[in-house]
Amino acid sequence: MQAGLLCNTAVTQWLHHGLVDKQTEFVLRTIEERDIRFVRLWFTDVLGTLKSVAIAPAELEGAFSEGIGFDGSAIEGFARVYESDMLAKPDPETFTILPWRGEESGVARMFCDIQLPDGSPSWADPRHVLTRALSKAADKGFTFYTHPEIEFFLFKNQPEKGQQPIPVDEVGYFDHSPSAVGYDFRRQAITMLESMGISVEFSHHEGAPGQQEIDLRYADALTTADNIMTFRVVMKEVALAQGVYASFMPKPFSQYPGSGMHTHLSLFEGDRNAFYEAGADYQLSKTGRQFIAGLLKHAPEITAVTNQWVNSYKRLSGGGEAPSFICWGHNNRSALIRVPMYKPTKGNSTRIEFRSLDSACNPYLSFALMLAAGMKGIEEGYELPPGSEDDVWSLSEPERAALGIAPLPQSLGDAIKVMEKSELVAETLGEHVFDFFLRNKRAEWEEYRSQVTAFELDKYLPVL
């Protein structure tokens, strides 16, 4: 109790002296009124792994004004040993209470921007990479909005090494099964998300056994990226509380579809949807068509980031509505980009759906590159090729070639080779993130290539 009294006294003093802005004041008052004893400061490394440090409320004044120091050389991709001092500076706009920590002596969290000792942004901070890309778009009058459909699996327990995961159910797409674990799981997970200010649009069982989908509402891209990171933690926490295990692995089963994160995108100029043009094909403006053209042209270059794991390419090559080829269409769910028309008379609903992304990516880097590719199409006036309404999976390779439909990279190794030659990716990520990401992914690919798999042993050992 004494520690809590000390914390509340410090908070009261800051408020009394009027030393904080309105959002910071809201944070401090909430901490005092809700008896918050710990505040977790969150950020991610270059690969999108969540990092966390807990501080007492008494330390918040210094955290807001100066940041909390940490050893950047211990974080993947952040710094070398001789330049390791870094600061995590909390963003008060991201403050929320963690509902799974209980009502008494609660815990809150805020996302952080990472800074160097001189106060400048860290070149290795994925959140800053996205902020920088959003600022470039804002300079041209655009705000970037995203809406992710996040898929993941629930397993009966966390598989031990060498064991196959066991899904929590055997039901399929949109199946309503109140007795199934997924039904209660989604209800509790959504309640928890919404208590943290994260709005959910839809939820349902996906196509594979144990597979779930929860769709977040539209928000600006930075808020969405923060929400995705929070979403992953919430799913893990709810699963743990229910005695099951949540996984965002892109393709855990050979025989079932993998987990994607189809993401709807739009640009706004003020209150006007820049993708909307009444009377145009699919209500899609010239700006929208150029944005799609940019995504199509640069899709191979950004795939190593939007699909950053060896396992990601098992999903992309395995069908199940996962795109393998670079094309766009309207009702074509085999295309890389789809132009949905759920509400054709409502201009602000006009958007595009980018379908290759998986739910295990780093959302900050992925959104930054998707925006940069689309903006390049607008800036350079790219021409949009004809759309495809064919099932591109059913076409032969010569038929696809005749239609000008090229494949996405078919492995992480292929994706790395394309990315390392990309000026757009290097410029968007910055030299430090670009170089580290490539080094890390080359190492992952080489480690994977050296493995002797169960497939090889089962197929060749009996006959060779």
Side-chain angles (χ1 to χ4, degrees), residues 42-51 76-77 111 124-130 133-134 144 146-153 213-216 219 221-233 235-236 246-252 257-265 295 298-318 321-324 336-337 353-374 408-409 411-412 414-416 418-419 422 424-425 428-429 433-434 436-438 440-441 444-445:
W42 286 3
F43 58 96
T44 76
D45 66 14
V46 171
L47 299 180
T49 303
L50 187 67
K51 304 296 178 180
E76 283 279 4
F111 282 96
D125 180 12
R127 203 168 187 263
H128 177 63
V129 170
L130 177 54
L134 293 171
F144 184 44
T146 55
H147 153 56
E149 303 173 356
I150 310 176
E151 297 173 350
F152 58 99
F153 279 88
E213 177 178 313
I214 298 178
D215 302 355
L216 304 185
L222 183 61
T223 298
T224 304
D226 288 342
N227 287 347
I228 290 169
M229 296 307 305
T230 305
F231 180 97
R232 292 176 184 167
V233 176
M235 297 307 110
K236 297 278 189 180
S247 174
F248 294 89
M249 182 177 177
K251 180 80 168 174
S259 291
M261 190 169 70
H262 302 161
T263 302
H264 297 245
L265 318 172
L295 276 172
H298 297 287
E301 302 163 41
I302 72 175
T303 298
V305 176
T306 59
N307 305 85
Q308 68 166 321
W309 309 103
V310 161
N311 182 253
S312 298
Y313 297 84
K314 303 294 176 69
R315 168 183 167 258
L316 291 182
S317 64
E321 296 190 3
S324 291
L336 174 63
I337 296 173
E353 180 187 23
F354 192 74
R355 298 175 61 80
S356 64
L357 207 64
D358 64 47
S359 54
C361 71
N362 182 331
Y364 301 102
L365 301 186
S366 297
F367 286 174
L369 288 174
M370 290 155 64
L371 175 59
L408 282 170
S411 69
L412 181 60
D414 291 344
I416 290 167
V418 182
M419 175 180 164
S422 172
L424 179 135
V425 176
T428 303
L429 298 185
V433 172
F434 181 75
F436 172 82
F437 193 92
L438 281 173
N440 182 281
K441 291 300 147 184
E444 181 182 343
W445 177 242

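These values consider heavy atoms only, across backbone and side chains, with no hydrogens, waters or symmetry-generated copies. Just so it is clear, the structure is predicted and the values come from calculations on it, not from any experiment.
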- request: Examine distances only and state if a side-chain atom of His147 and a backbone atom of Leu265 form a donor-acceptor pair shorter than 3.5 Å.
  value: no
field: Name of the residue among Leu369, Leu371, Ile337 meeting side-chain contact (heavy atoms from CB on, under 4.5 Å) with Leu295
entry: Ile337
Intermediate values then yes/no, side-chain contact (heavy atoms from CB on, under 4.5 Å), Thr303 and Val418: CA-CA 9 Å; Thr303 298; Val418 182; over 6 Å; no
Heavy-atom pair with the smallest gap, counting every atom of Glu301 and Val425: O-CG2, 3.5 Å
query: Going by heavy atoms in the side chains, are Pro250 and Asn311 under 4.5 Å from each other?
result: yes
message: Could you check whether any side-chain heavy atom of Met419 comes within less than 4.5 Å of a side-chain heavy atom of Leu429, counting everything from C-beta outward?
response: yes
- prompt: Hey, does His264 have a side-chain heavy atom less than 4.5 Å from the side chain of Phe354?
  reply: no
message: How long is the straight-line distance from CZ of Phe153 back to CE of Met235, given to the nearest 0.5 Å?
response: 15.5 Å
task: Drop me the distance from Ile214's CD1 to Glu151's CD, to the nearest 0.5 angstrom.
output: 11.5 Å
statement: Rounding to 0.5 Å, atoms OG (Ser359) and CZ (Arg315) come to a distance of 8.0 Å
All salt bridge (Lys or Arg N to Asp or Glu O under 4.0 Å) counterparts of Arg355, not counting sequence neighbours: Glu321, Glu353
field: Lys236 vs Leu50, side-chain contact (heavy atoms from CB on, under 4.5 Å): CA-CA, chis, key distance, verdict
entry: CA-CA 13 Å; Lys236 297 278 189 180; Leu50 187 67; over 6 Å; no
- request: Check the angle between the aromatic planes of Phe248 and Phe152 and answer parallel, tilted or perpendicular using the 30° and 60° thresholds.
  value: tilted
query: Who are the side chain to side chain contact (heavy atoms under 4.5 Å, CB included) partners of Asp414, not counting sequence neighbours?
result: Pro409, Gln410, Ser411
message: Any side-chain to backbone donor/acceptor pair from Ser366 onto Pro363? Under 3.5 Å, distance only.
response: no
With sequence neighbours excluded, residues passing side chain to side chain contact (heavy atoms under 4.5 Å, CB included) with Val310: Leu412, Glu444, Trp445, Tyr448
message: To the closest 0.5 Å, what do you measure between CE (Met229) and CZ (Arg127)?
response: 11.5 Å
task: Specify the closest pair of heavy atoms between Leu336 and Ala299, including all atoms of both residues, with the distance to one decimal.
output: CD2-CB, 3.7 Å
- request: Identify the heavy atoms of Gly48 and Asn362 that sit nearest to each other, and give their distance.
  value: N-ND2, 3.2 Å
query: Does the side-chain contact (heavy atoms from CB on, under 4.5 Å) test come out yes or no for Asp125 and Tyr364, once each step is laid out?
result: CA-CA 9 Å; Asp125 180 12; Tyr364 301 102; over 6 Å; no
- line: Minimal heavy-atom distance between Leu130 and Ala225, with the atoms involved, is CD2-CB, 4.0 Å
statement: Leu47 and Gln308 have their tightest heavy-atom pair at O-NE2, 2.9 Å
- request: Name the orientation class of the two ring planes belonging to Trp42 and Phe111 (parallel below 30°, tilted from 30 to 60°, perpendicular beyond 60°).
  value: perpendicular
- prompt: Which atom pair, heavy atoms only, marks the closest approach of Asn307 to Tyr313?
  reply: O-OH, 2.8 Å
statement: Distance col, row Ser317:OG vs Leu408:CG, nearest 0.5 angstrom, shows 11.0 Å
- prompt: Okay, side chain of Ser324, backbone of Leu316: is any donor-acceptor separation there less than 3.5 Å?
  reply: yes
- request: Report the distance from atom OG1 of Thr146 to atom CZ of Phe367, rounding to the nearest 0.5 Å.
  value: 4.0 Å
query: Would you say the side chain of Leu365 lies within less than 4.5 Å of the side chain of Val46, judging by non-hydrogen atoms?
result: yes
